[in-house]
Amino acid sequence: MSDAQPHLYLVDGSSYIFRAYHRLPPLTNRHGMNTGAVYGYTAMLWKLADGLSKADGPTHMAVILDKGSSSFRNAMYDQYKAHRPPAPEDLKPQLPLIRVATRAFSIPCIEEEGLEADDIIACYTAAARQAGWKVTIVSSDKDLMQLIEDDGSVDMLDTMNDRRIDRDYVVEKFGVPPQQLGDVLALMGDSVDNVPGVPGIGPKTASQLIQEHGSLEAVLAAAPEIKKPKLRENLIAHADNARLSRELVRLVCEMNLPEPLEALALQNIPEAPLREFLEEQGWKSLLNRMVGQGARPSNGERPPAPVREAGPGAPEAISVDRSTYATISDAATLGQWIAEARAQGRVAIDLQGDGGHGLAEGLAGVSLAIGPGKAAYVPLGHGTPDLLNEGPAQLGLKEGLGLLRPLLEDESVLKLGHNLKDQLKLLAEQGIVVSPVEDVMLASFALDGGRYGHALDELVKRHFEHECLPLKAVCGTGQKAIRFGDAPIAAATEYAAENADMVWRLWQRLEHRLAAEHATRVYRLVDLPLVPVVGAMERDGVKVDRAYLAELSGTFAAETASLEERIFAAAGGPFTIGSPQQLGQVLYDRLGLKGGRKGKSGNYSTDQAELERLEADGVEVARLVLDWRLLTKLRQTYTDALQAQIDPKSGRVHTRYALAAAQTGRLSSTDPNLQNIPIRTELGAKIRNAFIAEEGFSLLSADYGQIELRLAAHIADVPQLKEAFAKGEDIHTMTAMELFGDAGKDSRGKAKTINFAILYGISSWGLAGRLGISRDEGKAMIDRYFERFPGIKDYISTTLEKVRERGYSETLFGRKTHFPNIRSSIMSLRQGAERAAINAPIQGTSADIIKRAMVRMPGALADAGLSDARMLLQVHDELVFEVPQGREEQAAEVIRDVMANAAAPVVTLDVPLSVEVGWGANWGVAH
DNA sequence: TCGATCCCGTA
DNA sequence: GTACGGGATCGAG
């Protein structure tokens with residue numbers, strides 16, 4: 001190591017320990033004390049000290065801690081950090097251990113009464129800079145980011161997420177450089193430290209304002225001219241709070257250094273005290289690392305890094321010149337391209353529709369790519385046929401598709417596409433069955449699910465840092481939008497050919513990862529084969545009784561009108577009932593009702609729970625509004641909207657299923673969403689009766705009973721649950737008996753709530769809210785549940801451990817869902833990710849199973865001589881079919897069989913899957 | 001015309 | 001507490 005510039009590492013010990021406590025799994029030392037956080041802390045110090053001889057590693061190091069509970073900021077503002085919950089019980093005894101651990105490393109530990117760690121860090125940073133040293137602050141606290149210097153002389157290291165935080169990071173995250181960060185933080189406030197900020201201003205607005213005006217004072221000065229009324233008022237009314245907040249977030253250095261800089265030199269660490277500490281704690285793995293290494297755990301030997309998969313990797317820079325794309329308007333040229341595609345054995349294709357959603361309205365053209373940058377557009381339906389003008393030179397639809405058909409159907413030529421479902425649907429209408437195919441959207445979904453969206457332009461941006469020509473640049477937007485087929489051919493070529501080009505390049509990049517990252521099974525055996533199946537469901541659509549819906553609409557409307565009158569009478573005048581803002585004002589300001597709860601936008605909450613609370617207090621208008629909401633919701637969202645969605649050509653409703661939208665692997669349904677048709681309320685359930693079978697057919701509904709609980713029983717290996725399912729017992733009753741020793745209505749209801757809470761990633765707070773009990777009672781109930789069903793507890797901890805280590809969860813079939821926030825330093829994000837990570841394997845396995853059933857269904861029906869039976873809808877655990885009358889029993893047998901055995905042979909479940917089947921003239925009676 | 005927010009329907 | 005999509009309102013452009 002040369003005598004280069006000294007480099008001081010300042011470790012923000014207090015904040016580290018809190019974060020470590022929340023994110024690391026609990027760990028018990030040999031005295032039965034939880035030491036997870038201290039262990040994490042020790043491992044971190046180890047790693048840092050290990051950098052002594054490394055480039056950019058520390059030459060000097062100190063740990064800075066908070067001391068005492070109040071600082072000069074409390075004198076400034078007595079509410080500062082007032083709402084901080086006390087440290088969790090099992091963290092408290094760990095706090096003094098930090099000092100012990102730090103001493104064991106012979107690293108100085110600095111704390112000062114009345115000063116927060118942040119201020120001490122600011123002081124040392126200033127002193128070290130003055131001495132010409134480099135400083136790295138080991139923390140992820142945003143307040144400390146104010147200290148970062150543009151020239152790199154001060155940066156931060158977030159060891160939790162293993163990343164350097166520098167000026168660019170701050171600019172990216174907050175929109176301003178570190179020098180202006182304090183102003184942004186002052187505006188946005190901090191609910192954890194109870195820094196007030198300005199109401200209604202969050203990170204986004206704060207950053208925008210400071211960027212615009214340069215400083216907090218400038219923002220406050222300009223406040224009267226700000227256009228947005230709410231923002232203006234808040235800025236003026238809370239200017240003092242903003243200034244106070246500015247002082248609260250300011251880091252101050254008003255102390256003499258308790259230890260001189262030179263005293264912080266990092267030495268080789270003496271072995272004895274460290275060994276003693278590790279032995280005391282019983283941390284064998286760290287002890288073993290010391291063996292033969294001397295005390296300093298360096299000498300090049302690092303513990304093996306956790307196994308991480310490749311991931312999307314760094315973006316690959318590409319150069320794209322859209323002007324080189326070809327437009328093909330004659331048969332000879334197209335023939336040459338087709339020949340070259342044949343020679344390559346693969347071709348990327350993209351179809352351009354004519355308007356409306358997806359490709360429903362017909363074909364404007366086809367683009368092809370036969371290599372990176374080698375792409376062309378074949379217009380087929382541009383311009384409107386016109387007796388006087390010929391329109392643009394192009395191959396006609398018939399001729400063009402005639403030439404392309406042999407290529408598209410050639411089994412020896414691989415067709416690459418993005419979201420091929422919609423394109424294959426359209427070609428199928430022309431009688432062209434494309435095979436074989438690969439879909440980059442689905443490949444990306446299988447590889448990078450949960451990481452980001454899988455739209456083509458987003459994938460291109462992520463993988464190539466390239467911006468695709470947006471469709472609106474070609475077709476415009478809104479009312480003035482034109483059909484793709486009416487766009488100028490030159491622009492259409494740039495857009496369409498680029499898409500095919502990008503598909504080609506993406507497949508090159510994704511293909512090899514499928515096998516390497518074990519995503520092949522989900523991609524090839526589940527999602528890809530589902531494409532034509534779902535395409536057929538969309539094409540077939542479901543018949544809807546328009547007259548019946550219209551009648552319901554009428555009834556609902558009349559009912560709504562009378563409710564409206566009564567609401568206005570009770571409210572003392574008309575207002576927009578549908579506006580939560582106005583409703584809140586009427587209830588709490590005009591009528592003066594008590595107990596209004598305001599959300600962060602400053603409006604009163606008027607959601608169902610609040611209105612029900614008012615209703616219980618005898619407020620009649622609350623009941624009326626609830627009824628009004630139910631009726632308007634049903635009318636607007638269902639009876640009216642559904643009528644509008646009936647395709648005039650088929651008289652049926654053709655929903656569209658998104659295959660790569662839901663993180664867990666579920667399908668989603670849009671335009672209209674047929675996966676949220678009402679059923680729970682009596683009134684809502686009437687809407688299901690509008691879904692009817694074609695003349696001579698019945699609607700048949702088959703749904704899995706409690707599939708997610710069954711999967712939880714299997715995955716978490718809970719003997720009692722598995723046994724109950726095997727015997728066909730009522731699962732919630734069984735749970736109630738286990739938990740409470742009785743299965744009265746009340747107990748069973750509670751048990752049911754807990755069972756669901758488990759699936760959703762339980763928290764004592766959430767359960768308490770749901771059951772209307774205290775948090776402690778909720779906690780006790782969860783503890784009891786874990787005690788009775790230890791498998792569930794193990795499942796949760798091992799799942800989280802795995803996700804933290806690898807970054808993703810997996811279903812029984814190997815579908816991965818990534819959780820980028822699982823190690824976030826922002827608690828709410830992290831906890832959200834944890835709940836989702838607990839739920840994803842269960843919800844995702846259920847999605848895999850029903851998808852496998854769907855893939856097998858058409859063949860199974862055909863084999864049974866039921867090719868007239870059609871699968872129409874999927875609602876997560878339910879499939880809806882149209883079956884010829886008189887064949888219902890037989891179809892039910894086949895369907896039940898396919899669904900119940902859909903996990904096999906890949907996965908053998910310890911619990912049976914039950915399938916309930918019903919049928920009738922409409923969905924309401926079938927379900 | 002667009003995005004954010006609130007509210008609410010399903011599994 | 002999980003996973004979605006969509007309607008209305010509101011405020012901005």
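In what follows, every chain begins at residue 1, and chains take the letters A, B, ... in the order their sequences are listed.
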* Among the nucleotides dA11(B), dC7(B), dG6(C), which one has an atom lying closest to any side-chain atom of D671(A)? -> dG6(C)

* **Given dG7(C), dA3(C), dC7(B), the nucleotide with the shortest approach to the side chain of R629(A)** => dC7(B)

* Atom-to-atom span, CD of E612(A) to C1' of dC7(B) - whole angstrom -> 13 Å

* Is there a donor N/O on one and an acceptor N/O on the other, under 3.5 Å, for the side chain of N676(A) and the base of dG9(B)? -> yes

* Asked: How is S605(A) classified with respect to the nucleic acid when contacts are heavy atoms under 4.0 Å: base, sugar-phosphate, or nothing?
  -> sugar-phosphate

* Is the phosphate of dA11(B), meaning OP1 or OP2, less than 4.0 Å from a side-chain N or O of R680(A)? -> yes

Identify all side-chain donor-acceptor contacts of residues 758-770 of chain A below 3.5 Å with residues at least two apart in sequence or on another chain.
{"residue": "S763(A)", "atom": "OG", "partner": "G766(A)", "partner atom": "N", "Å": "2.9"}
{"residue": "S764(A)", "atom": "OG", "partner": "R775(A)", "partner atom": "NE", "Å": "3.2"}

* Asked: Quick one: which of dG5(C), dC10(C), dA11(B) gets closest to the side chain of Q581(A)?
  -> dC10(C)

* Touch check for R835(A), heavy atoms < 4.0 angstrom, all strands: base, sugar-phosphate only, or nothing? -> sugar-phosphate

* **Atom-to-atom span, CG of D877(A) to C1' of dC4(C) - whole angstrom** => 14 Å

* **Options dG1(C), dG9(B), dC8(B), nucleotide nearest the side-chain atoms of D607(A)** => dC8(B)

* Asked: Going by distance alone, is a donor N or O of one side chain under 3.5 Å from an acceptor N or O of the other, for Q675(A) and S669(A)?
  -> no

* **Nearest-nucleotide pick for Q663(A), side chain only, options being dA11(B), dC4(C), dG1(C)** => dC4(C)

* Asked: Roughly, in whole Å, what's the span from CD in E682(A) to P in dG9(B)?
  -> 15 Å

* Asked: dA3(C), dC7(B), dA11(B): which one has an atom nearest the side-chain heavy atoms of T664(A)?
  -> dA3(C)

* To do: Could you tell me whether I838(A) contacts a base, only the sugar-phosphate backbone, or nothing, with contacts defined as non-hydrogen atoms closer than 4.0 Å?
  => nothing

* Are Q874(A) and V880(A) side-chain neighbours, meaning at least one heavy-atom pair lies under 4.5 Å? -> no

* When all nucleic acid strands are considered with a 4.0 Å heavy-atom cut-off, which category describes L767(A): base, sugar-phosphate, or nothing? -> base

* Using a strict cut-off of less than 4.0 Å between a Lys/Arg side-chain nitrogen and an Asp/Glu carboxylate oxygen, indicate whether E810(A) and K802(A) qualify as a salt bridge. => no

* Asked: Nearest of dC4(C), dT9(C), dA11(B) to any side-chain atom of A662(A)?
  -> dC4(C)

* Look at the side chain of Q582(A) and decide which nucleotide, out of dT2(C), dC10(C), dG6(C), has an atom nearest to it. => dC10(C)

* To do: Side chain of Y760(A) only, please: which of dT2(C), dT10(B), dG5(C) is the nearest?
  => dT2(C)

* Does Q843(A) get its side chain close enough to the base of dT2(C), under 3.5 Å, for a donor-acceptor pair? -> yes

* Report which part of the nucleic acid A757(A) touches: base, sugar-phosphate, or nothing (heavy-atom distance under 4.0 Å, all strands). => base

* Examine the side chains of R451(A) and T817(A) and answer whether a donor and an acceptor come within less than 3.5 Å of each other. => no

